[in-house]
Amino acid sequence: MRVLSWIVIAVVVLWAAVPGVFTGYDPIAGVPAEKLQPPSAEHLFGTDAVGRDLFARVVHGSVHSLTGAFVAVAVGLLVGTLLGLLAGAAGGLLDEAVMRVVDVLLSVPALLLALTVIILLGPGTVNVAIAVGIGSVAAFARLSRAEVVRVRQADYVEAAFGSGGRFPAVLWRHVLPNSLGPVIALAALQFGVAILAISTLGFLGYGAEPPTPEWGLLISEGRNYLATSWWLTTLPGTVVVAVVLAASRISRSIGRERA
């Protein structure tokens, strides 16, 4: 299963990097005479309501979903890890203040928090990615803080301070590297969660504008034809589910390796 998960992620990354290798169809222009054709050898995922090849739209849409997920994970990882590092290392009032803010963020459903940020920033792929990333900051901060507190009490860290090491240098050289294992595993998990969240927000109309081939938007466009053209929602949805499950499986394997 682990090998299969890496294969799924590798294929999707290749879709985003070199889509022309996997399909020769235009993801934007369609042939009206070929609309709503079921999956076949010519059109692997069938065609949509205006005759566009659905597989081409899924392949070309991967760049939007993956880029958004990477941005979301980067925002959550960088901001959350920094907050957790500062809170766990400094302790005292700073720790209390940061953790109370984290508790408040964790009490708000992630999708609701992302929608709130989107209302402030406006719709769009980049803004959706930032909103999803902000929604994950609290999870990264809490985990990072717990790991920093654990590592901060280790003998080699105390020895580094005792030998005259300065606070920032000890944090950078000893505390941070030895507390990142679980955080990296969480980042792999959040990658799948971010794809699902970005697809959900795209489905609700907050992401890319038509005719951009974004995964959530593809599913949204196909829902009006669900009774007669099942492939318009089922096949893009299957791709999203496969990527999310693969990221989750990779996250668990990373967590076990670093435990």
Side-chain angles (χ1 to χ4, degrees), residues 1-72 125 128-129 188-189 191-253:
M1 288 296 295
R2 179 182 176 184
V3 174
L4 180 60
S5 298
W6 280 109
I7 290 175
V8 169
I9 297 299
V11 168
V12 174
V13 170
L14 288 175
W15 282 358
V18 284
V21 173
F22 297 91
T23 177
Y25 287 100
D26 190 323
I28 304 298
V31 181
E34 298 180 357
K35 66 179 182 179
L36 298 179
Q37 291 188 1
S40 62
E42 184 178 0
H43 301 287
L44 295 180
F45 283 12
T47 60
D48 63 9
V50 294
R52 295 173 295 199
D53 183 81
L54 186 59
F55 179 70
R57 287 178 63 75
V58 171
V59 169
H60 284 269
S62 61
V63 66
H64 302 288
S65 296
L66 292 188
T67 302
F70 278 120
V71 171
T125 304
V128 165
L189 178 63
F191 178 76
V193 173
I195 287 180
L196 185 59
I198 290 171
S199 298
T200 301
L201 293 170
F203 179 86
L204 295 175
Y206 293 102
E209 295 291 333
T212 304
E214 192 269 330
W215 288 349
L217 182 60
L218 294 182
I219 299 172
S220 177
E221 291 175 341
R223 61 182 172 172
N224 295 327
Y225 305 91
L226 187 59
T228 57
S229 305
W230 57 268
W231 57 89
L232 294 181
T233 54
T234 301
L235 297 181
T238 301
V239 171
V240 173
V241 170
V243 174
V244 172
L245 292 178
S248 176
R249 180 67 180 83
I250 292 171
S251 171
R252 289 198 299 270
S253 65

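It should be emphasised that the depicted structure is a prediction, and the values quoted were computed from it without experimental measurement.
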Using modelled atom types only, decide if a donor and an acceptor are shared between the side chain of [X] and the backbone of [Y] within a distance under 3.5 Å.
X: Ser65; Y: Ile195; value: no
X: Trp15; Y: Val63; value: no
X: Thr233; Y: Gly222; value: no
X: Thr212; Y: Glu214; value: no
X: Arg57; Y: Pro236; value: no
X: Thr47; Y: Glu34; value: yes
X: Ser251; Y: Ala247; value: no
X: Ser220; Y: Gly216; value: no

Rounded to the nearest 0.5 Å, what separates atom [atom1] in [X] from atom [atom2] in [Y]?
X: Ile219; Y: Arg223; atom1: CD1; atom2: CZ; value: 11.0 Å
X: Leu196; Y: Leu245; atom1: CG; atom2: CG; value: 10.0 Å
X: Leu232; Y: Leu218; atom1: CG; atom2: CG; value: 9.5 Å
X: Gln37; Y: Leu54; atom1: CD; atom2: CG; value: 12.5 Å
X: Leu4; Y: Ile250; atom1: CG; atom2: CD1; value: 10.0 Å

Measure across [X] and [Y] and return the closest heavy-atom pair with its distance rounded to 0.1 Å.
X: Thr125; Y: His64; result: CG2-O, 4.1 Å
X: Ile28; Y: Pro213; result: CD1-CD, 4.0 Å
X: Thr23; Y: Ala56; result: OG1-CB, 3.5 Å
X: Leu66; Y: Ala16; result: CD1-CB, 3.9 Å
X: Gly68; Y: Ile198; result: C-CD1, 3.2 Å
X: Leu235; Y: Pro39; result: CD1-CG, 4.0 Å

Open item on the list: Set out, in order, the CA-CA distance, both residues' side-chain angles and the distance that settles side-chain contact (heavy atoms from CB on, under 4.5 Å) for Leu44 and Phe22, then state yes or no.
Closed with: CA-CA 11 Å; Leu44 295 180; Phe22 297 91; over 6 Å; no
For residues [X] and [Y], determine if any side-chain heavy atom of one lies less than 4.5 Å from a side-chain heavy atom of the other.
X: Trp215; Y: Phe203; value: no
X: Tyr25; Y: His60; value: no
X: Val193; Y: Ser248; value: no

Task: Within 6.0 angstrom of Tyr206 OH, more than 12 heavy atoms from elsewhere - done: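 No, the 6.0 Å shell around OH holds no more than 12 heavy atoms from other groups.
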Task: Trp231 and Tyr225 aromatic centres sub-6.0 Å - done: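 No, they do not, as the ring centres are separated by 6.0 Å or more.
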